[in-house]
Each structure stands twice: as structure tokens, then as C-alpha cells.
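Below, chain A is the first sequence line, B the second, and so on; all start at residue 1.
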Protein chains: 2
Amino acid sequence: MIDNNIAKHVAEVLKAVAHPARLKIVELLVPGEMNVGDIVRAVSEKQAITSQQLNMMKDKGVLGSRRDGSKVYYHIENKNVIRLLDCIYDHCEQEKGTRR
Amino acid sequence: MIDNNIAKHVAEVLKAVAHPARLKIVELLVPGEMNVGDIVRAVSEKQAITSQQLNMMKDKGVLGSRRDGSKVYYHIENKNVIRLLDCIYDHCEQEKGTRR
DNA sequence: TTGCTATATAGTAATATGCTGATATATCTA
DNA sequence: TAGATATATCAGCATATTACTATATAGCAA
């Protein structure tokens, strides 16, 4: 069976993206980096909460960031979450097609 | 951008498996169904909490169950979580290989 | 320096989650 | 039926998460 520490780590990563707004943020960053202000506008959330979520995902290793002048750009650091999202979105498509 | 309701649903599914013990349960069920008692023994958790987690994942559509006599067998209902796990475990393998 | 924009953080309240011990329910066997 | 086994559920507590407001910090430009 899966090692306990690995299970904990995997659960952390999953929890980091298991939130509607955070899924959207990750989706936004798939094509490339984006600064906080643009992200805030794109997801239509308050600045504070978006900043908190960005920091949270950075803590968990999902995102990374760099500052350029007064702006901070976030990007996907853990590229595997992209594949994760691919799996999930495929899943949604399938569900649509095979709706019970 | 991803639809809001889909985002909520995806987040729910992710949250359902984003827990060390629940990841183990799902892993156990990949080869096929298993009854509650065997699951409890395999994950070395208390009966009550395992039952709660099984029910929770069933609620979220991740698992399904059938009763056979006095035993209840759980199986993976949402097959896409298997692919999800594949992604994640591949990710862990890669991490091991490219440890910074 | 002042003021402006961009981002982060602190404090807090509401809600959700995780776990426990106890109990309830269902099924089987004698 | 009684007793044993299998599973589910309840009540309660501790902790975690979420989201909010307000405030703090960082960089830029005048």
C-alpha cells in the first residue's frame, strides 16, 4: 500500500486545488504566468482572498511566483496538477456524455 | 473559463479523496470491491471513522456499495479517480527522480 | 518626501471537518 | 427467540478552513 508520508503529501496537494476558486486560478495559469491583479479580475474575487489562496498554493508547492517591479507574477510550479486537471476535465466531459 | 457549477463539483470530488486514509481506501479498491471489515483491517483505522469515510465518498459519487448478507462491499463508482491517482502517483515517482 | 498602485497579512467570526465513544440497526446462526 | 457479527449513525469536541474587514508593506512616480 501507498506509503503514509506520500499519502499525506498527495492529500495536501489535492486539498490545495480542491476549491472552486483555486481550480479557476490554476486553470488561468495553465497557458502561462499571470500577475495578481489580473488574476483577481479574472476570477472576480476579492483581492485579499485571492492573495491568500495564491500564497496557500505556493506553500503547498503548486504555484511559484516572481516579482517584477510592483507586480507579482504567479505560475504553476507543480506541472503535474495540469495533468490532474486534464484527468478531471475529461471526467466531466464523460459525465456529460453518459449522464444517468 | 470553467463553469462555476462544474468547478464546485470537481472541487467536491477532489476534496472527497484529498485525505490520506481515503486515498488508501481508494487505492485498495482499484483491483476490485472489498467489504467494510476488510477495509478497516487494511487501513488500520477505527470502524466508525472508516464507515464515515466510505459513506462520505459514496455521497460524493466516488464509491458505490452493495450488500451481500451481513457484509457491505464498496467499489469505485467514479472510475476517473483511478486515472487521477495514476497521475498523482506518476507525479510522486517523478518527484523522487528529480529531487531538488 | 507624498501619494498612488500592487500585494500581503492580521484579526476575527462562521462554518466545516476529523475523530472519538457510545449506540443503533441489520443479518446471520443456533 | 437470543446472541454474535457487520455496519451505520449519533452527539460532542477539537481543530481546520473560509471569507471578511482593516491594515500593513513594497515599489513607483511626481
Side-chain angles (χ1 to χ4, degrees), chain A residues 4-5 7-26 28-29 32-77, chain B residues 4-5 7-26 28-29 32-77:
Chain A
N4 219 308
N5 288 321
K8 277 187 197 161
H9 174 242
V10 169
E12 286 255 299
V13 173
L14 286 177
K15 263 205 305 193
V17 298
H19 184 285
R22 293 198 295 266
L23 280 173
K24 289 189 181 180
I25 291 173
V26 171
L28 275 175
L29 298 180
E33 65 176 12
M34 191 178 283
N35 69 60
V36 179
D38 288 345
I39 295 171
V40 169
R41 267 168 247 116
V43 298
S44 313
E45 295 281 349
K46 308 221 162 151
Q47 179 269 327
I49 188 164
T50 301
S51 179
Q52 285 166 357
Q53 289 171 331
L54 288 168
N55 268 281
M56 185 269 227
M57 288 193 278
K58 187 179 171 186
D59 276 350
K60 301 291 170 60
V62 174
L63 303 183
S65 69
R66 72 179 177 89
R67 176 177 281 274
D68 180 12
S70 65
K71 299 192 176 177
V72 176
Y73 291 81
Y74 280 82
H75 62 269
I76 297 178
E77 180 78 37
Chain B
N4 219 307
N5 288 321
K8 276 187 199 162
H9 174 242
V10 169
E12 286 254 298
V13 173
L14 285 177
K15 263 205 303 193
V17 298
H19 184 285
R22 294 198 294 267
L23 280 173
K24 288 190 183 181
I25 291 173
V26 172
L28 274 175
L29 298 180
E33 64 176 12
M34 192 179 284
N35 68 60
V36 179
D38 288 345
I39 295 172
V40 169
R41 267 168 246 117
V43 298
S44 313
E45 296 281 349
K46 305 218 165 153
Q47 180 269 328
I49 187 153
T50 300
S51 179
Q52 286 166 359
Q53 288 171 331
L54 288 169
N55 268 281
M56 185 267 229
M57 288 194 277
K58 187 180 171 185
D59 277 350
K60 301 292 170 59
V62 174
L63 304 184
S65 69
R66 71 178 178 90
R67 176 177 282 274
D68 180 12
S70 65
K71 300 192 177 177
V72 176
Y73 291 81
Y74 281 83
H75 62 269
I76 297 179
E77 181 79 37

Residues B:Met57 and B:Val26: closest non-hydrogen pair is SD-CG2, 3.9 Å
- Message: Looking at A:Val43, is its backbone amide N or carbonyl O close enough to the side chain of A:Arg41 to form a donor-acceptor pair, meaning the two atoms are under 3.5 Å apart?
- Response: no
A:Val40 and A:Lys46 have their tightest heavy-atom pair at CG1-C, 4.4 Å
Here the gap from B:Ile49 atom CD1 to B:Leu54 atom CG, rounded to the nearest 0.5 Å, amounts to 11.0 Å
Output for pair (A:Lys8 NZ, A:Lys15 NZ), nearest 0.5 Å, gives 11.5 Å
Verdict with supporting geometry, B:Arg66 and B:Glu33, salt bridge (Lys or Arg N to Asp or Glu O under 4.0 Å):
CA-CA 9 Å; B:Arg66 71 178 178 90; B:Glu33 64 176 12; 2.5 Å; yes
Rounded to whole Å, NZ of B:Lys71 lies from C1' of D:dA4 at a distance of 13 Å
Walking DNA chain D from its 5' end, the first of A:Ser70 and A:Ala48 to be reached, judged by nearest nucleotide, is A:Ala48
When A:His19 and A:Gly69 are each assigned the nearest nucleotide of DNA chain D, the 5'-most assignment goes to A:His19
The correct set of residues in residues 52-64 of chain A placing a heavy atom under 4.0 Å from DNA chain D is A:Gln52, A:Gln53
Contacted region of DNA chain C by chain B, from 5' end to 3' end of the hits, cut-off under 4.0 Å to heavy atoms, spans C:dT17 to C:dC28
Correct closest heavy-atom pair for B:Leu28 and B:Ala42 would be CD1-CB, 3.5 Å
Minimal heavy-atom distance between B:Val72 and B:Ser65, with the atoms involved, is CG1-CB, 4.0 Å
Here the residues of residues 35-46 of chain B within 4.0 Å heavy-atom distance, strictly under, of DNA chain D are B:Asn35, B:Val36, B:Gly37
For B:Lys24 and A:Ala7 the tightest heavy-atom approach is CE-CB, 4.5 Å
Q.
Considering every strand and a 4.0 Å limit on heavy-atom distances, what is the contact class for B:Tyr74: base, sugar-phosphate, or nothing?
A. sugar-phosphate
Between B:Arg22 and B:Ala16 the two heavy atoms that sit nearest each other are NE-O, 2.6 Å
